[in-house]
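Written out below as structure tokens is the structure these notes cover.
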Amino acid sequence: MSYLLPTLTRKKEVDTIIRDTIDKVLVVRFGRADDAVCLQLDDILAKTTREVSKFATVALVDVDSEDVQVYVKYFDITLIPSTIFFFNAHHMKMDSGTADHTKWVGAFHEKQDFIDVVEAIFRGAMKGKLIVNCPLPPERIPKYQLLYKDV
């Protein structure tokens, strides 16, 4: 389903979409087009793009592209898929009960989960917040273990 969504492979493309998306949530999925979990997430993103089009834009970033490695390192994309949210070029964070508030790691369970998260981020951003609470119940949030090197 990744062919239905814009795929960014160059740093300049990522810079441009972050800078030019105004008054909408920008949903950027970092991952690979051939990964099974990425394909599951891409399917949900493609099916909901029209429903969230009034308040969100969705784009995909290929983590294997050499030109976007600066973003992969900056956002610490170690697990894929990782979804990052922006609003008016500001990085939006979400407290989902996990150790990392900067991104959503893994796929959403269903379309409505994605819509709820994007809507919560949009409503919070319109109120001037840079971090919002996750509207999903804890059992619907993917769990993962963070491993820290040299700590």
Taking the side chain as everything from C-beta on, heavy atoms only, tell me whether W104 gets closer than 4.5 Å to P81.
no

Given salt bridge (Lys or Arg N to Asp or Glu O under 4.0 Å), test R19 with D15 step by step and report yes or no.
CA-CA 6 Å; R19 186 186 63 238; D15 290 341; over 6 Å; no

Indicate the atoms forming the closest heavy-atom contact of I141 with C134, along with that distance.
CD1-SG, 4.0 Å

G124 and V132: which non-hydrogen atoms are nearest, and at how many Å?
CA-CG1, 3.7 Å

All heavy atoms of P135 vs all of D116, minimum pair found to be CG-O, 3.5 Å

Closest heavy-atom contact between H109 and R140?
CD2-O, 3.0 Å

Of all pairs that satisfy side chain to side chain donor-acceptor pair (under 3.5 Å), the ones with a partner from residues 30-39, not counting sequence neighbours
R32-D64

Lys/Arg N to Asp/Glu carboxylate O, K11 vs D67, below 4.0 Å
no

I'd like to check F114 versus V58 (side-chain heavy atoms, cut-off strictly below 4.5 Å). Are they in contact?
yes

Set of ring-ring contact (aromatic ring centres under 6.0 Å, His included) partners for H90, sequence neighbours left out
none

Connected to I18, directly or through other members, by ILVMFWY side-chain contacts below 4.5 Å are L8, V14, I17, L26, V28, F30, V61, V63, V68, V70, Y71, V72, Y74, F75, I77, I80, I84, F86

Between the main-chain N or O of S53 and the side-chain N or O of K24, is there a donor-acceptor pair closer than 3.5 Å?
yes

Without hydrogens or angle criteria, can the side chains of D100 and T102 be said to hold a donor-acceptor pair below 3.5 Å?
yes

How long is the span from the CZ atom in R123 to the NZ atom in K129, to the nearest 0.5 Å?
12.0 Å

Taking all non-hydrogen atoms of both residues, which atom of M94 and which atom of I121 are closest, and how far apart?
SD-CD1, 4.5 Å

